Amino acid sequence: MSAWISQFFASYSNIIDLCLLNSLVGYGLFLALSANMFSLATGGFMALGAYCSVYCTMELGFPFAPAVFAGALLAALGAAAIGAPVLRLRGDYFMLATFAFTEVIRVIALNWDSVTGGAIGIFSIPRHTETWHLALAVAVVIYVAYTLRRSYFGRAIAAVKQDDVVAQSMGVNVFMHRLSLFIASGFICGAAGALAAHLNYFIGPGDFGLVRSVDALTYPILGGVNALAGPLIGAIFTTLLPEALRFSNQLREILMGALVVAIVLYLPGGAMSVFKLRWFGVRAGETKLAAATEQAQS
Amino acid sequence: MSTFLQQLVNGISLGSTYAVFAMGCTLIFGVLNIVNMAQGAFFMGGAYFGLEAARLGLPAPLALAVALAGGGLLGMLSELVIFRTLRARGGHRWMGLVASLALARMMIGLAQEIFGTQVQRYPASDLMQISWEIADVRIQLLQVVLLLVSLLLMALLAFVLQRSSIGRAIRTVAFSEDVARIVGVPVGRTILATFFLAGALAGAAGMLLGNLFNVVSPFMGEQMLVKGLTVIILGGLGNVPGAVAGGFLLGLIEVFSVAYVSSSFRDAIGFGLIFVILLVKPNGLFSGFEERRA
Amino acid sequence: MIGVQLEVWKIAKRFQGIVAVDSISFVAAARQVTGLIGPNGSGKTTTMNMITGLYPADAGRITLDGVPLTGSPPHQVAARGVARTFQNIRLLADQSVLANVTLGTHLGHRRSILAVLARLPGVAREEREAEGRCRSLLDELRIGHLAEVLAGNLSYGDRRRVEIARALATRPRLLLLDEPAAGMNHSEKEQLADLIRQIKASGITVLLIEHDIDLVSKVTDHIVCLNFGREIAEGTPAEIRNSPAVIEAYLGRDEAA
Amino acid sequence: MKRSVFALLLSAAGAMAFSSAALSETPVNIGIVQATSGGSAALYGLMQKNGAELAIDEINTSGKLGDYKLVGIHQDDAGDRGQSVNIFQRLINQEKVAVILGPTLATSAFAADPLAQKAGVPVIASSNTAPGITDMGDYIFRTSPPESMVFPGVLAYVKKKYSPKTAAQIYGIDDTLMKSAYAVHKKALESEDIKIVATETFQKGDVDYSAQLTKIKAANPDILVIGGLAEETANIVRQARQLGIPPSTVILGANAAISNKLAELAGATADGFTVGSGWFIQYDSPKNKAFVEAYRKRYSSDPDNFAAQAYTSVYVVADAVKRAGGVSDLKKLRDAIAATKDLEANNGSFSFDAHREPAVTPKVLVMKGGKFILAAD
């Protein structure tokens, strides 16, 4: 039995690592989405975290932990820098501005050869990231999300998400709350980028583009943005799906697309909404409120 | 000077395909306030519809009609399968984004299955080899034809939106769905028609670009989607004349940033500009053209 | 809780060239109930939104006990002790009544996020106190039994009460009520009148924006009447009822009143 | 929760399990990690998969390995690095492969090859031409000659024939392979004393190169060097000619540009396009003729050099299995692969050099009438 387990881990440890890593990113986005920030900046944040941490370990000789922290911090700084102007934008404008940020970071990474290696990227990165690092990071982030949700901060964020006029009128500084979540999201994504860089021996600008950012959003949305376990479920599902569908190389892409569409259509509150009996009525109410907010603001 | 003029020709020619594609994206946004991420897949689909038609020996105008119809049908499909269902269920708007991306992914997979992953090209014709050299500037017949077709499509869309009954219905729904319902506009059918128009424009753009640059591939829509989003920010979300102007503008910006800055920074300049525009003038450069949606 | 005096001086607001509020001045005396009335579109809600900072005023000055309020964003206005309800009830539909009301205690929480994350004992105490206060508020408003019900499932009148409870949970010094009687039947209006009197008795300044002159006459000390973004009359309820300008504004313009 | 994750993993494992039960023979599992979906990588991946599978079947039918039966296990990594690593792990630990052929892309190789190196499983790449691949360890081989082995010969040929003074370069800046090809091209141009008068870039997915080419045209170079994949190169060549870059400007391409797609997409404008390759279709040897014929028969299309290199890789493995006397000891297998010398292959004789790079003599090919032919002096 133990032999079987060790073989299982040897064969699938990378999948487990990827599930955890994607969950971590998923929680970064979960925080952003919890205040209605449909952010495509993930790729940019992860790139900042990854390149910075690799620079720290490989050029400056930092130990692993401070390097990851430095990467996360740089991404958080990036979030703070773009947050102030970008957070004034609403809805799709916000999404597109964050996308522009990711692309600008990617193009800089492509051209700044001396630090990033350009398109060739950086290889032979020491592998420091272990499964327990990732598990610990996910656990910490879940703890933070869980604790915040039950505090006055979480109440304020829930209000910001549903009706920011109400939130303001109750004394919530909507801008600062959204900014702090955006920065936290940047920090987590930066840390994930740093951990990813030290997991796969290699990073290149292609790892941090639009696809990365969109996938990251898919995790919490598929899993459910209202449930704490949503990002975890969504990330595991999305990571395992291409492997589970490997029996058919031909139809893999088509089946993956079809499954995602089916989830969205039949569980519009995300997979976790299965566990909420009252979801249907609630969804409709929430959408109306959101619409009312938009009207009041325009 | 001749280099400058040549770059101008390059930019206008590239910009015309952007403009046609972006008109569709912005139309959907104007009516439904959503971004349909599957537009890029309709663009790709239209290119293949046109390609198959051309291979069957249909003359180019008929092949274009097939591309238009094919793209339009794909557009309607996305409305019927995804957006209508989501509206009925009251799903969050994020869900529409995620679902339309997944739909695009399915369609790319399907195209790979049917047509293979390799790049294909439209059948070569001698007519298309004709080009003139005026004051050291190369202008191909193909470029001229395609520019004219683009302008025709723009005029056609303007006509449909401004003069036809379906156009009036679309504008009413864009103004307010409730108002449309009160005055007796069939909202569901009008939205379906909007998706058809948007898909048809994407499909036509696919065939135009496929012809102009000799490329038809399952992945051609991905980059175009990004360009389309960029253009509709430049022009203002939901602003159709803005999309046309933005399309040409983006074509020129790209070409001239290659010409006078560096090709390595072409996209950084484009996206940097977008970032700045969003912060300074979030309703687009041409927001004076049209009153913003309430 | 000590009510403050609100002074509004020649404030104006226009939207894309259309004048919503032309020039309005009035005083809501401390610990009194002041009524702001007028037909639809007369500028009442715009005035309220300027006071709470949702819309910046184009011109004019707003002060609380003489300290300027103009230009402050809504959350700072709230921090100065101004609370409000909404004409088109805005509750968080998928949350419980208690959760909605507890949002009102936001400004009362003094512990930092780090303290929350570290689960310091003070945090739990603060939460318990906030919850206890909200429950007793709900009891006072006679909706204590609804604490765990989802706000989206409440009756119309109860939603109005929850909104008022939420506003009171902020420990306001000035309470703005935006058409609280809209859609209420006669007995509900009676209960509302009692509630407003109670609030006044607790020392809070109240600015009541209302359509219904009968209700306003019953509970207010002073009334300001608006029309077309201007003030057309001011005085005691009795004076207002007999003012020709008010009668014309209501009967000539708006049959619903 | 934890349990359901575990169950999901298990069901995934079940779905992926391959039944590779061989009866009397001893199976030799060969992992074939090639992208057959997911963009331009699939163009090369599919060719290599075809070439490898053709060779495996030929060897099994011939019975030259006696009781050993080669079992090809193809896995599609869609050109995605994360998936390549997943696949490598599974192939090594679960399928117990003796050797892995691939992966398609160099970026995947940089991520996945270290796993094989650590586990002591040999990897033979047949499309990675970026520098540094074999530096990852002594278990990493390739049958694809790196750009640096091919391009200088091409340039020397062009220099001798046309004596160019100036050159322009255009390359894909976001493609690992092309970025490194660019560096090789640049170094070769500099060492041949050819002045670089323009350097332009493009990105994956670009279809319009007219702005860059207009700039290049204005610089009026004697030769144009393209660092692009086949489909990109085809359109650059075509657009260059359409914009009026004269036929006197010779266009040179990278190794990766060699594909049958090139002639199809660029048509007559590709005439005179010059590249270098370790293999070419008209190579006159019985072994090659048999290969081309078998390939055409099985896939009804022409092989390209990637198919040929993957085909060679399998023969290298078969030869090494024979010399190592089985696959029970992968260290011995590795040593046997490394010792490959003068193996009769489809491009003459094949050997690995001391750095596990292919010791082949690259040929200069010129496009003429839609076919690559050996360049005549």
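Heavy atoms only: backbone and side chains are in, while hydrogens, waters and symmetry mates are out. As the structure is a prediction and not an experimental result, all values here were calculated from the model. Here is how names work: the chains are called A, B, and so on, in the same order as the sequence lines, proteins then strands, and each is numbered from 1.
When heavy atoms are compared at a cutoff of 4.5 Å, T102(C) approaches chain A by way of both its backbone and its side chain. The parts of R166(C) that come within reach of chain A are both its backbone and its side chain, each placing non-hydrogen atoms under 4.5 angstrom from that chain. Heavy atoms closer than 4.5 Å to chain C are found in the side chain of Y143(A), but not in its backbone. Using a 4.5 Å cut-off between heavy atoms, T170(C) touches chain A through its side chain atoms alone. There is no contact between V77(C) and chain A, counting heavy-atom distances below 4.5 Å. T85(C) does not touch chain A: none of its heavy atoms, backbone or side chain, sits under 4.5 Å away.
Interatomic distance, CD1 of I221(A) versus CD1 of I263(A), reported as 12.5 Å (0.5 Å rounding).
Each of L195(C), I164(C), L207(C) was evaluated against L177(C); a single residue qualifies, I164(C), per the side chain to side chain contact (heavy atoms under 4.5 Å, CB included) test.
Taking a cutoff of 4.0 Å between a charged side-chain nitrogen and a carboxylate oxygen, R128(C) and E131(C) do not qualify as a salt bridge. A salt bridge links E148(C) to R135(C): at least one charged side-chain nitrogen sits closer than 4.0 Å to a carboxylate oxygen. Salt bridge present: E127(C) and R155(A) bring a charged side-chain N and a carboxylate O closer than 4.0 Å.
Per-residue heavy-atom pair counts under 4.5 Å with chain A were compared for R119(C), R84(C), Q76(C), and the maximum is reached by R119(C).
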